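Working notes, structure below.
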Protein chains: 2
Amino acid sequence: MTEIQDKYELILSSSRKLIEEIGFSALTMDKVAQKAGIAKGTVYLYFKDKDDLLEKVLSSGFEKMFERIKTRVGNESGAFNKLKSLINENIKHIYENRYFFKTIFLDEVNVVFLKKKSKESYNLRRKRYTDYIAGIIKSGMESGEFKNDLNYSKSAYMLVSLIKTGAIYNFLNGMFDLTSDMIEKDTEEILNLFMRGISVK
Amino acid sequence: MTEIQDKYELILSSSRKLIEEIGFSALTMDKVAQKAGIAKGTVYLYFKDKDDLLEKVLSSGFEKMFERIKTRVGNESGAFNKLKSLINENIKHIYENRYFFKTIFLDEVNVVFLKKKSKESYNLRRKRYTDYIAGIIKSGMESGEFKNDLNYSKSAYMLVSLIKTGAIYNFLNGMFDLTSDMIEKDTEEILNLFMRGISVK
DNA sequence: CATTATAATGACTTAATAGTCATAATTCAA
DNA sequence: TTGAATTATGACTATTAAGTCATTATAATG
């Protein structure tokens, strides 16, 4: 019984290591088996198919993260402190598992279906855009409109992310056909968050 | 010559439509040819390979977006107004091309390599997490710590996005092994942006 | 030790799809 | 008009990788 559990965990951890090394797109069941030092057929004794395996890899990682965050946040009182702890614990988790998250994040960011060369040009284009925004933020810092201690490059990156995240949020909530009013409202919402944040005063 | 350009554009737009309809992962060269009403070999006369085609689809879309944003922003003066216009124009572009962006965004968010069932559970897990954070923000609104007009669900989504984006930013800039000091600094930076934004006062 | 049950194997089958190329259709130039 | 140049075709090849299953090895039982 523990033996079975061990092999299950062995396949999970081998997959995880492989993902860290070669990414999702290059992951094959043959490689998983080889990495775990077992036959391919054995993998199918513990996981229904490749999709099932990947799903289990992701969910086990998520559960671990969620548990540690809830534990940490449970010790805090007040929303501000809870959030502060949450951010801190989340970031810590990410960096403690940075090889895994690097792949998760960069695979997403780089648009996984592209090959190396195209990923590079994709990233270069995005950089041109964030550099452009960073220039605007820098000028705002110099003119005194914006705080003078900002990392303007990173702030630009954040803004692009907020814009994108806002749209994803809408799509996921069935808000697909926006009126121009809703577009204006969204613009104000993001602008407000980026300029003033969510805190009172 | 215009004929060649027409066919080139035909393949591009057909690919784009296909991506909107079936997503990146299901796109095949056979389907592209069929959609364009030409033979597969013809596609290879205008694009080196599949990767080249996808790259051109993405870059042409990006160039259009970038151009319109630069034009719009160029009419504004002052960083605040420029940024406001930029956000607005970017969002407009996204929604005018919403079928395309829906696929781009959701493919990224849903982790493209998973099949439908696993994508659903992946999304459910993320929702559990954002709901959890939303609850904290809601309590902060009720206690008067946070602004009372927030969409706490969306704000939670934004926070998760900021955390993730911060990490991606670091990775892309070679900051892979963070000291605990840097982790604290990152925590403060994100917390500050989310609570107070980048604006002075 | 013998027999049954469980676990593991990896060669093989199947399916999908990227990319090719000999042939055909069309366009162009003299 | 005609022959060369260009463009288009789609059947075919090659590759990759998921998933299967008859066979073998190992463990449990009495």
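No experiment lies behind these values; they were computed from the predicted model shown. All chains are named by letter (A, B, ...) in the order of the sequence lines, taking the proteins before the strands, and each is independently numbered beginning at 1.
- Distance from the side chain of B:Y44 is smallest to C:dA18 among D:dA8, D:dG19, C:dA18.
- No close placement of the B:F146 and A:F80 rings is indicated, their centers lying 6.0 Å or farther apart.
- Separating the CG atom of B:D6 from the P atom of D:dT7 is a distance of 13 Å, rounded to the nearest angstrom.
- B:K31 places its NZ atom 19 Å from the P atom of D:dG10, with the value rounded to the nearest Å.
- Nearest-nucleotide positions on DNA chain D place B:G37 closer to the 5' end than the other of B:G37 and A:K40.
- Atom NZ in A:K7 sits roughly 11 Å away from atom P in D:dT26 (whole-Å rounding).
- As a whole-Å value, the separation of B:L45 CG from C:dA18 P is 17 Å.
- Of all nucleotides listed (C:dG19, D:dA8, C:dG10), D:dA8 comes nearest to the side chain of B:Y46.
- Rounded to whole Å, the distance from CZ on A:F47 to P on D:dT20 is 16 Å.
- Closest to the side chain of B:D30, out of D:dG10, D:dA8, C:dA18, is C:dA18.
- To the nearest angstrom, C1' of C:dA11 lies 17 Å from CE of A:M29.
- A salt bridge links B:K70 with B:E67: the closest approach of a Lys/Arg side-chain nitrogen to an acidic carboxylate oxygen falls below 4.0 angstrom.
- Side-chain proximity of B:K50 to the nucleotides D:dA18, C:dG19, C:dT9 is greatest for C:dG19.
- In this structure, A:D49 places its CG atom 16 Å from C1' of C:dT14, rounding to the nearest Å.
- B:T28 comes within 4.0 angstrom of sugar-phosphate atoms only, judged by non-hydrogen atoms across all strands, and of no base.
- Under the 4.0 Å criterion applied to side-chain N and carboxylate O atoms, B:K31 and B:E21 are not assigned as salt-bridge partners.
- Here B:L53 lies out of heavy-atom contact (under 4.0 Å) with every strand.
- Minimum atom distance to the side chain of A:I38 is reached by C:dT9, of the listed C:dA7, C:dT9, C:dA18.
- For the pair A:Y46/A:I38, no side-chain contact is recorded, criterion being any heavy-atom separation below 4.5 Å from C-beta on.
- Checked for salt-bridge contact, B:D52 and B:K56 meet the test: a charged N lies under 4.0 Å from a carboxylate O.
- Counting only heavy atoms from C-beta on, B:A39 has its side chain closest to D:dG10 among D:dG19, D:dG10, C:dG10.
- Atom CG in A:D52 sits roughly 14 Å away from atom P in D:dA18 (whole-Å rounding).
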